[in-house]
Each structure stands twice: as structure tokens, then as C-alpha cells.
Chemist: 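My questions all concern the structure below.
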Amino acid sequence: MSNTHATPTSYEISVGAACKRLGYGPTIESLLSLAALELKVEIPIVRDNGELAIFTGYRVQHQNVRGPCKGGLRYHPDVDIQEVRELAALMTMKTALVNIPLGGGKGGIACNPHEMSQRELEVLTRKFVKRIHREIGPNSDIMAPDVGTNAQTMGWIHSEYSAIYGHSPAAVTGKPLALGGSPGRNTATGHGIAIVVAEYARHHRMPLKGSTAVVQGFGNVGFHAAQALAALGIKVVAISDSRSAVYRDGGIDLAALSDQKHARGSLKDTEGHDSLEPDALFEIPCDFLVPAALGDAIHAGNVARLACRIIVEGANAPVTAEADLTLRERGIAVIPDILANAGGVIVSYFEWVQNLQRQVWALETVDAELERLLGNATREVLAHAAGADLDLRSAAFDIAVRRVKEALEATGL
Ligand code: GLU
């Protein structure tokens, strides 16, 4: 982010442009570009083979003016401070855009969870919490699942944090249901994607029946997004995981793919589906392309070959700044991450509220509130984009930046 590298990040470009349109000065722009707090910790653990290994963990708290910092914890070999910083800042914009009383944060540990045992992951997670517990909690910084982590990881965080501070379920979200997790949290990001797509289609009077989608990613977001898009009547013709991709003209069979993935660890050779190279996925003609895996999936090297009409950013930052410009030139619409994947953090907010109030909501309540909050935010972005003749990312950043700036101002800054 600011002053740390030569080329501005996609986030910096979006915030800078929004500040310019809104007439905000350099102080606000700097405040929105810099993180409030950055933690880096070294975590030694004894591996199952008896050897000592040291992992580096990060937690970045970007902004807390609208509420405690909120955001996921990512386990992936490529995690570094630069990435965590940008993802933390995006969370500030996401929570502001959907207007929930939370700020932005993100964490990560550079590790490969697929090559680690459950015991190793548990020790690593618990040690991470031991190192950073003074900085996190229900009123300061609340972690949640992200790439490479899940409800079990959050369960360990909850247990470790509660061992120090007493039972504190509101200190972390995305927990197992048995530990105070919210109904509907696991599917929330995927379902949110479908809510946003449905609203977009309504606005553009675009019939969804007969439209097509391609999904990159078979993790929590990709899988549930594919399921929810299919429930809208959209034909999902292709999907990929990190090593393989499959296509089926009549629409993929998610149940069969899920069985194959569990049995063989890969989608490859699922009966009734054609196997593709994962790279070929983006070249399939479709209405909606949903990158729901890692950042920078759509870049200068592949953007010219895309054959979709609309990109729906299921992942965080899946389009590079350079590719974003090309997409605008090519007239491909982009529904930005801070809107498209906000379903997860919205239901995390519901989980936090339930935990603070010692309540348990029914799944129907969670679903209806998710639809209401995300539907409102989507309509607001679409209306602002149409009124000010802006692309959707710019419109979303205008709304989010204005909300954070107004909060900063209200504190007397
Ligand atoms: N990791 C998710 C995101 O990027 C969820 C964050 C949360 O629930 O706090 O939005």
C-alpha cells in the first residue's frame, strides 16, 4: 500500500479516484490507505516428524472508526504483509458499503494447510492466538474464516481466546454451530453472490432463466455460489478447483462433482463431464464469470481471452488493476468483491450480534436479513452507478469511502 511499493494497488487506485470524485483531500486518502496497526509474529511448532518449523503470521487492523475491525484469517503459502494489508483495507470498504457497524482487518499465516495434519494446524492456530490475543476480541478485532481456514479453525481460536478471557464467543465468527456459530454462515458468501446477481439482473431487466455461468473455485465460496446460482435458474456450465476443471453443456452436476472431489481429491474425470485445463475455464463463453478462488486470477495475460459478459468477484481482489482497465474498455461489467462477496461478513455480523446478546436466530431470520442488507447495498450501488455514469467498482467505493469519511469526521477529525 502507500509508500511501500512503486505501482499503486487496485485498492489505492479505487480509493484515490473516489476521494477525487468526492472532493476529499489527501489526509482522508492517506487515512484510508494506511493501516492503523500491523502485527507480525513468528510461530515455532514441532511438526509431526519431530522437526521444528517456524511460520510467520500477520494481523492487520486497517480501520475501526465505524466499529471493531473485522475480517478473515487466511492460511496459504503466498500470504505476506502486502497481501494482508490490501485485504484488510478492502474489509473496511466492504463493511462500510453494506453499512454494518464494523471496521476492517485481515490476518494470515504463510503455510500450506493441505500439507499439514489437523494436529499441526491446531497447534499453529492456538499459538497464533497466544501471540496476538491482547489485540483481538469482541470490541477490537474479530477474525473469521478465509482461504485455507474453516469453522474448525475458528473453533480453536474461540477455545484459546476463551481460556484466557472466559467464554467469549463474540471474539471470532464463522465458528461451528455447536460453539455459537450462526445458522447460514457457512453458505452465506455463496448465497450472497446469488442475491447480488439476482438484483443486478432485475435492474438490467435481464432474464436469468437460460443464462449461463462459469465458476472458478470449488471451495466454500465457489461451491455454494454454484449451487445458489443454479437455484436461480442459471445454467452453471463449468467449474474448477486448483488443479482441474470440468465442463458440461447441459449444466454441471454439483452432487456428482462433490462426490468425486471427496473420493479422488480432484474434479477430473467426473462421469458425464468433459475435463479441461484450469486455464481454459476463463475462455468459455458465458453470461456470468465468477472467480471464487485467489487474488489476481484475471490479469493482463488472460483478460483479452475472456468470453463472459459480467464478472462477479467471489474472491477478494481477483482482477488486477491493469486487467480492470481492459475490462472497462471491453465493456465487460464487474460486480466488485466488496459487494459480491459481502454475504460472508454480513452473516458474521449477525453471528457477533447473536453472541453478544446470547441469542440464537432461526435460519429463516438470517436468510431474510442477509437478503435485506445485501439487496439494499446492491440497489444503492446500481442506482449510484447509473446516476453518476460510473462502473460498479467506482460506485461502490464512492459509497463506502463517503461512509468512512463521515464517521472519521464525526469523531472530530
Ligand atoms: N473472509 C471473508 C471476507 O473476506 C469473511 C470475513 C468475515 O466474515 O469477517 O469477506
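Counting convention: from 1, in listed order, for ligands and their atoms alike.
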Chemist: Below 3.5 Å, N or O to N or O, backbone or side chain included: is there any such pair between D146 and ligand 1?
Modeler: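 Right, the criterion is met.
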Chemist: Can you name the atoms of ligand 1, numbered from 1 with element, that are less than 4.0 Å from a heavy atom of S348?
Modeler: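 Per the distance check, 7 (C), 8 (O), 9 (O).
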Chemist: Mark up the atoms of ligand 1 that fall under 4.0 Å of a heavy atom belonging to G344, in ascending order.
Modeler: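 Per the distance check, 8 (O).
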Chemist: Please determine whether a side-chain nitrogen of the Lys or Arg among E380 and R403 lies less than 4.0 Å from a carboxylate oxygen of the Asp or Glu.
Modeler: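 Between R403 and E380 there is a salt bridge, with a charged N closer than 4.0 Å to a carboxylate O.
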Chemist: Between OG1 of T173 and CG of N355, what distance do you get to the nearest 0.5 Å?
Modeler: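 Output value for this atom pair is 8.5 Å.
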Chemist: Report the nearest protein non-hydrogen atom to atom 9 (O) of ligand 1: residue, atom name, distance rounded to 0.1 Å.
Modeler: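 For atom 9 (O) of ligand 1, the nearest protein heavy atom is K70 NZ, 2.8 Å.
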Chemist: Quick one: do E369 and R372 make a salt bridge, cutoff under 4.0 Å?
Modeler: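 Yes, charged N to carboxylate O under 4.0 Å.
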Chemist: Check each atom of ligand 1 against the heavy atoms of K106 and keep those under 4.0 Å away; list them by number with element.
Modeler: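 Counting from 1, the qualifying ligand atoms are 1 (N), 3 (C), 4 (O).
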Chemist: Is the ring pair W361/F350 parallel, tilted or perpendicular, if the boundaries are 30 and 60 degrees?
Modeler: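 Aromatic pair W361/F350 classed tilted.
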Chemist: Return the residue, atom name and 0.1 Å-rounded distance of the protein heavy atom closest to atom 5 (C) of ligand 1.
Modeler: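 Result: R185 NH2, 3.5 Å.
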Chemist: Using heavy atoms and a threshold below 4.0 Å, how should the contact between N316 and ligand 1 be classified: side chain, backbone, both, or neither?
Modeler: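 For N316, the contact with ligand 1 is made by the side chain alone.
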Chemist: Just distances here: any N/O of K94 and N/O of ligand 1 closer than 3.5 Å?
Modeler: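 Yes, K94 has an N/O under 3.5 Å of an N/O on ligand 1.
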Chemist: Can you list the atoms of ligand 1 that are under 4.0 Å from a heavy atom of M91?
Modeler: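 Contacts of ligand 1 toward M91, numbered from 1: 3 (C), 4 (O), 6 (C), 10 (O).
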Chemist: Which protein heavy atom lies closest to atom 7 (C) of ligand 1, and at what distance to 0.1 Å?
Modeler: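 Ranking protein heavy atoms by distance from atom 7 (C) of ligand 1, first comes A144 CB, 3.3 Å.
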Chemist: For residues R47 and S117, determine if any side-chain heavy atom of one lies less than 4.5 Å from a side-chain heavy atom of the other.
Modeler: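 A side-chain contact under 4.5 Å is absent here.
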Chemist: Heavy-atom distances under 4.0 Å decide this one: backbone, side chain, both or neither, for P145 against ligand 1?
Modeler: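 Only the backbone of P145 comes within reach of ligand 1.
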Chemist: Any side-chain to backbone donor/acceptor pair from R309 onto I332? Under 3.5 Å, distance only.
Modeler: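 No; judged by distance alone, with no hydrogens or angles, the pair does not exist.
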Chemist: Are D398 and R402 ion-paired here, with the side-chain N under 4.0 Å from a carboxylate O?
Modeler: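 R402 and D398: not salt-bridged.
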Chemist: Closer than 4.0 Å to some heavy atom of G71 - which atoms of ligand 1 meet that?
Modeler: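 In order of numbering, the contacting atoms are 9 (O).
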